[in-house]
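Counting starts at 1 for both ligands and their atoms, in listed order.
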Amino acid sequence: MLRVCVCVSGGGTNLQAIIDAVAEHKITNTELAFVISNNESAKALERAEKAGIKTACFNPKSYESRDLFEEAFMEAVEKEQIDLIVLAGFMIMIPAAFIQKYRNRIINIHPSLIPSFCGPGFYGLRVHEKALEKGVKVTGATVHFVDEIYDNGPIIMQKSVVVHDDDTPQTLQLRVMQEAEWNILPKAIDLIANNKVSIVNGKVILEE
Ligand code: GRF
């Protein structure tokens, strides 16, 4: 049984998609063991509590130093015997020591087709603003393993979404979530939970 910790900072719609997929057995062999946020008022925490999932909040601002925050965060995850950490709109940079310890056991959902529109500063609506500014005809979402470089780890799954001429950043963001993010993130977790994901020469191989 894969014990999963989901890290959130905002609305938690990706967390909700994971919760629903587990309930509908679209994700198997998985236990949603822990939800962590850096933001006490994140709606994602309410979603977790409603689903009966243990939650915790680690706000860097409540710690005297970044090291103390990172220590508390890492200790809490280790105590829960977590196998996979899922970053679902988590706005905190994961400590390098943590990435090291959980090499290829941390995944992230990014709202573009990496390597487009990603890296430092590319998050939330800004990703879609840049996609519209560039005039791309297709965008989408990416699930990837997390490594020490922002939005750079091995790509697990991607799903494309057509850009409409009358799209605003808001309409595009919602369609990318609905058609791509809420689809590929649960699917990626299910594949990992059922040992169908391997990495060969830095590239992900999936057994569909
Ligand atoms: C999503 O668009 C995700 O791609 C990005 O942050 C947003 C989180 O939204 N990383 P939610 O909290 O899952 O609703």
Under 3.5 Å, is there a donor-acceptor pair between the E179 and N183 side chains? no
So, does S62 use its side chain to make a donor-acceptor pair with the main chain of N59 at under 3.5 Å? yes
Side chains of I18 and L32, heavy atoms from C-beta outward: is any pair under 4.5 Å? yes
Less than 6.0 angstrom from the centroid, inside 45 degrees of the normal: does R126 satisfy that with respect to the ring of Y123? no
Is K54 close enough and on-axis enough to F34, meaning under 6.0 Å and within 45°, for cation-pi? yes
Residue, atom name and distance, where the atom is the protein heavy atom closest to [atom]:
{"atom": "atom 8 (C) of ligand 1", "result": "G89 CA, 3.6 Å"}
{"atom": "atom 14 (O) of ligand 1", "result": "T13 OG1, 2.6 Å"}
{"atom": "atom 9 (O) of ligand 1", "result": "M177 CE, 3.4 Å"}
{"atom": "atom 4 (O) of ligand 1", "result": "E181 OE1, 2.7 Å"}

Determine whether the aromatic ring centres of F73 and F98 lie less than 6.0 Å apart. yes
Does the residue G12 have a heavy-atom contact with ligand 1, meaning some pair of atoms that are separated by less than 4.0 Å? yes
Among the heavy atoms of I109, does any lie under 4.0 Å from an atom of ligand 1? yes
Would you call E46-K50 a salt bridge at under 4.0 Å N-O? no
Please indicate whether any nitrogen or oxygen in Q173 is less than 3.5 Å from any nitrogen or oxygen in ligand 1. no
Using a 4.0 Å cut-off to any heavy atom of P111, which atoms of ligand 1 qualify? 4 (O)
Quick note on ligand 1: atoms under 4.0 Å from a heavy atom of G11 include exactly 12 (O), 14 (O)
